[in-house]
Amino acid sequence: DIKIKTLENLASYIGAEIKAEPLEETDIAALWATSEGRRRVLEYSADRCRLVMEAFEEFIEYGCQLSNLVCIPLDHVCAAAVGFRVESYLMKCSRLFGELIPKRVEKPYRPYAGAIVLNPKPGLHENIAVLDFRSMYPNIMMKYNVSPDTYVEPGVEIDPEDVYVAPEVGHRFLKKPDGFYREALRRLLEARAEVRQRLEGLSPESAEYRVLDARQKAIKVVTNAVYGYAGWIGARWYRRPIAEATTAWGRETLRKTIEYARSIGLDIIYGDTDSIFVRYNEDKVEKLIRYVAEHEGLEIKPDAIYVRILFTEAKKRYAGILSDGRIDIVGLEAVRGDWCEAARRIQREVVKIILETGSPDKAVEKARGLIAEVKAGKVPLRELVIWKAITRPIEEYKVRAPHVEAAKRLIKMGWEVGPGDKVGFMIVKGSGKLYDRVRPYQFVKREDVDYSYYVENQVMPAVLRVLRVFDYDRESLETVRQRGQMRLF
DNA sequence: TCTAGGCATGGGTGCCTATATCT
DNA sequence: AGATATAGGCACCCATGCCT
C-alpha cells in the first residue's frame, strides 16, 4: 500500500506517468503573480487532474464490485470503514437467511488474547519455505460453527456431545444447526471459488477478467474482515466470546502444526499467527500439508521459498530474497513511513547486499560510504523529512512529541492540521530537546539541518538493526582512519 | 462510528541519586 | 552544616506504524 498519501505516490503505485514539472504548494501563491507562473500552475493542475482520472479508472472496477457485494452505494463504500462494509454485508445476509438484525448496544471494552508469534532464530538462513494457512480465521469459524446464535452461555446445561468447546477459554458453540456466521462465510467462500473458477482460461487483458478479478478481491477482503468485525465493540453482531474462541482455536491449530512439523524433523525458524517458516524439504513439507488437511481439516500452502532470509532478534521483522532475485522486506525501518528516506534507502541497500552475497562484508563497506555522505550533508533534503500522522486534536496530546510540535508550528502559521493529517518535519541544529529543534520541512534551509542527528538517530539505528546480527557495532561503521594517518600518531 | 491483538521502537516524563552551589 | 539547584541514569509511559 501507499505510505504517504500523495498523488505522486498514488501515480507511481498505479504505474501512471507524471508529466508536468513538480511544484511546491507553498510556491503557488508567488507563481500566480506572473503569466508564465500561472501557465505553470495550470499545467501542473491539469496534469494532476489527469492522474486523478487515471486512478479513478484503476479503482472503479473494484469499487463497483465491492459496492455490489456489500450493498453500500458506490459513493459511500469507498469512505466506509471495513467494519461497516462487513456489517452491511451481514445485514444483506440476514434478510436472505430470515434473521432479524440486532440493535447496536453499548458494551464495555475488554481486550482478549490474540495470536501466537514465535521468537525468530536470528541470523542468515538459506532455503526457507513460508507455509500459510489459507484464510485461517474464517475457516476456523466455519469449522467450529462459531456464531452469535450458536454460542451457549456459561451455566446453560447441555450435552457435551452437542457442542464444540474452545481450548483455553472454554466457550461453547452448538454443532447444529449452521450458525449465521457459518452461512455468511460459506456464501463468501463459495462465491469466491466460483469466481476464481470462471477466471481460469480468461485472458488477463479482457474486460471480463478485470471485472471478475475485482470481484474475487472484494470477496476476499470482506471474508478476512469477518473475524475482526466479530470482535469489534461497535458491531451489531459483536460477541466477545466469538472473537476470543476464534483466536484460541487459532493458537491451538498453530501449536499442533508446529509440534507435528518438529516431530517429522522440520526446522522451524519463525512463525506468526497462521504461518510457519521452515527449512525447506519437499517431502517433509508435503507430509505436513497432508497432516494438516487430514487432522485439522484446514489447508496450508507454501507461500514463498526464500533462497536467503535474514532475521534479527525482533518479531515481525525480516528480509528475504526469492529465487528470481526479488527482495521482500517486512517490518524493518525500510518499509516504515515514519523513518526518513535516507535511513530507509541505506538500510535497503545493506539488506540487498547481504541477501545477494550471503555475507555482510561488502554491505559494511557500502554502509560506511553512505553514512559518510549523510554526515557530510551530501544527501537530498527530501530524504531527511520524517513523516508522522496526527491522530487526535492537537490539544489532546499529553507529551511534546516532535511531530506534534511541528504541527503546532504549522497551525501558528495559519495551516489547518487535524486528525488524519501527516506532518513532515526535519531536525535542525541547536541545543535542547528534540521538540525545540523540530521544524516543518517546508521551512528548513540546508545549512540549518542537523546532519549528526540524522546519522546518530536515523541512519545508524536502521543500519545497525541489520548488521548487529553479524556483531558489528557503531564504531565499526564510522569512517576508518587511513593507515598512513595512523602512523603519524 | 471508522475490524482484532501482538510487537518494536523512539522520545518524553518523572523519579532517584550524586554532586555542586548557596546561605 | 544544611538547604537548594542541577545533571545524569533509569524505568515507565505515550505515540506511531507495522504484521498476521
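The analysis underlying the following values was restricted to heavy atoms, covering all of them including side chains, and did not include hydrogens, waters or symmetry mates.
For dT1(B), neither phosphate oxygen OP1 nor OP2 lies less than 4.0 angstrom from any side-chain nitrogen or oxygen of Tyr229(A). For dA8(B), neither phosphate oxygen OP1 nor OP2 lies less than 4.0 angstrom from any side-chain nitrogen or oxygen of Arg465(A). Between Arg336(A) and dC19(C), a side-chain N or O to OP1/OP2 separation shorter than 4.0 Å is absent. Taking side-chain N and O atoms only, Arg251(A) has no distance below 4.0 Å to OP1 or OP2 of dT20(C). For the OP1/OP2 pair of dT16(C) and a distance below 4.0 Å, the side-chain nitrogens and oxygens of His403(A) include at least one atom meeting the criterion.
Of the candidates dG11(B), dG17(C), dC14(C), dG17(C) carries the atom nearest the Lys422(A) side chain, counting heavy atoms from C-beta on. Between dG11(B), dC14(C), dT9(B), one nucleotide has an atom nearer to the side chain of Arg317(A) than all others, and that is dT9(B). Counting only heavy atoms from C-beta on, Tyr397(A) has its side chain closest to dT16(C) among dT16(C), dC14(C), dG11(B). Of the candidates dG5(B), dC19(C), dC2(B), dG5(B) carries the atom nearest the Tyr109(A) side chain, counting heavy atoms from C-beta on. Among dT9(B), dT20(C), dT3(B), the nucleotide with an atom closest to any side-chain atom of Glu333(A) is dT9(B). The nucleotide whose nearest atom lies closest to any side-chain atom of Tyr435(A) is, among dA4(B), dT16(C), dT13(B), dT13(B). Closest to the side chain of Thr391(A), from the set dT16(C), dT13(B), dT20(C), is dT16(C). Of the candidate nucleotides dT3(B), dT16(C), dG10(B), dT3(B) has the atom lying nearest to any side-chain atom of Trp232(A). In the set dG10(B), dT20(C), dA4(B), dA4(B) carries the atom at the smallest distance from any side-chain atom of Tyr227(A). Among the nucleotides dG6(B), dT13(B), dC18(C), the one closest to the side chain of Val117(A) is dG6(B).
Among the protein residues, Gly234(A) comes within range of no part of the nucleic acid, since none of its heavy atoms lies under 4.0 Å from any strand. Note on Trp237(A): nothing from the nucleic acid sits closer than 4.0 angstrom, heavy atoms only. Asn457(A) comes within 4.0 angstrom of the backbone, heavy atoms only, and of no base. Among the atoms of the strands shown, only primed sugar atoms or phosphate atoms (P, OP1, OP2) are found under 4.0 Å from some heavy atom of Gly114(A). As judged by a 4.0 angstrom heavy-atom cut-off over every strand, Tyr318(A) is placed among residues touching the sugar-phosphate backbone only. At the heavy-atom level, Arg236(A) lies nowhere under 4.0 Å from the strands shown. Residue contacts shown for Tyr137(A) are absent, as no nucleic acid heavy atom lies under 4.0 Å away. Across all strands shown, Ala243(A) has no heavy atoms under 4.0 Å from either base or sugar-phosphate atoms. Residue-level contact check: Arg400(A) touches the backbone only, with heavy atoms under 4.0 Å from sugar-phosphate atoms and none from bases. At the heavy-atom level, Val86(A) lies nowhere under 4.0 Å from the strands shown. If you check every strand for non-hydrogen atoms under 4.0 Å, Val330(A) touches sugar and phosphate atoms only. Val404(A) comes within 4.0 angstrom of nothing in the nucleic acid, heavy atoms only. Within the 4.0 angstrom heavy-atom criterion, no nucleotide atom of any strand lies near Tyr89(A).
For Lys316(A) and dC7(B), a side-chain-to-base donor-acceptor distance below 3.5 Å is absent, hydrogens and geometry of angles not being considered.
One interatomic measurement links the two molecules: CG of Asp436(A) to P of dT13(B), which rounds to 10 Å at whole-angstrom precision. Going from atom CZ of Arg344(A) over to atom C1' of dC18(C) covers 12 Å, rounded to whole Å. A straight line from NZ of Lys388(A) to C1' of dC18(C) spans 12 Å, rounded to a whole angstrom. Rounded to an integer number of Å, the gap from Arg240(A) CZ to dT3(B) P is 19 Å. Rounded to whole angstrom, the span from the CG atom of Asp274(A) across to the P atom of dG5(B) amounts to 17 Å. In this structure, CD of Glu456(A) is placed 16 Å from C1' of dG11(B), rounded to the nearest angstrom. When rounded to the nearest whole Å, the span between CD1 of Ile72(A) and P of dT1(B) equals 18 Å. The CZ-P distance, from Phe425(A) to dG11(B), rounds to 9 Å in whole Å.
Comparing Lys315(A) and Ala79(A) by the nucleotide of DNA chain B that holds the closest heavy atom to each, the one mapping nearer the 5' end is Ala79(A).
Residues Tyr89(A) and Arg187(A) bring a donor and an acceptor atom of their side chains to less than 3.5 Å of each other. Side-chain N/O atoms of Asn68(A) and Arg215(A) include a donor and acceptor closer than 3.5 Å. Under the 3.5 Å distance criterion, with hydrogens and angles disregarded, a donor-acceptor pair is assigned to the side chains of Tyr306(A) and Asp328(A). No side-chain N or O of Ser275(A) forms a donor-acceptor pair with one of Asp272(A) less than 3.5 Å apart. Between Arg236(A) and Tyr229(A), the side chains place no donor N or O within less than 3.5 Å of an acceptor N or O (distance only, hydrogens not considered).
Considering Trp237(A), Phe173(A), Tyr238(A) as possible partners of Tyr151(A), the one that fulfils the ring pair (Phe, Tyr, Trp, His ring centres under 6.0 Å) test is Phe173(A).
Classification of the Tyr291(A)-Tyr260(A) ring pair by plane angle, with boundaries at 30° and 60°, yields parallel. The aromatic rings of Tyr227(A) and Tyr112(A) sit perpendicular to each other, their planes meeting at more than 60°, with 30° as the lower class boundary.
Pairing for dT3(B) is absent, judged as Watson-Crick or G-U wobble with the two contacts each under 3.5 Å.
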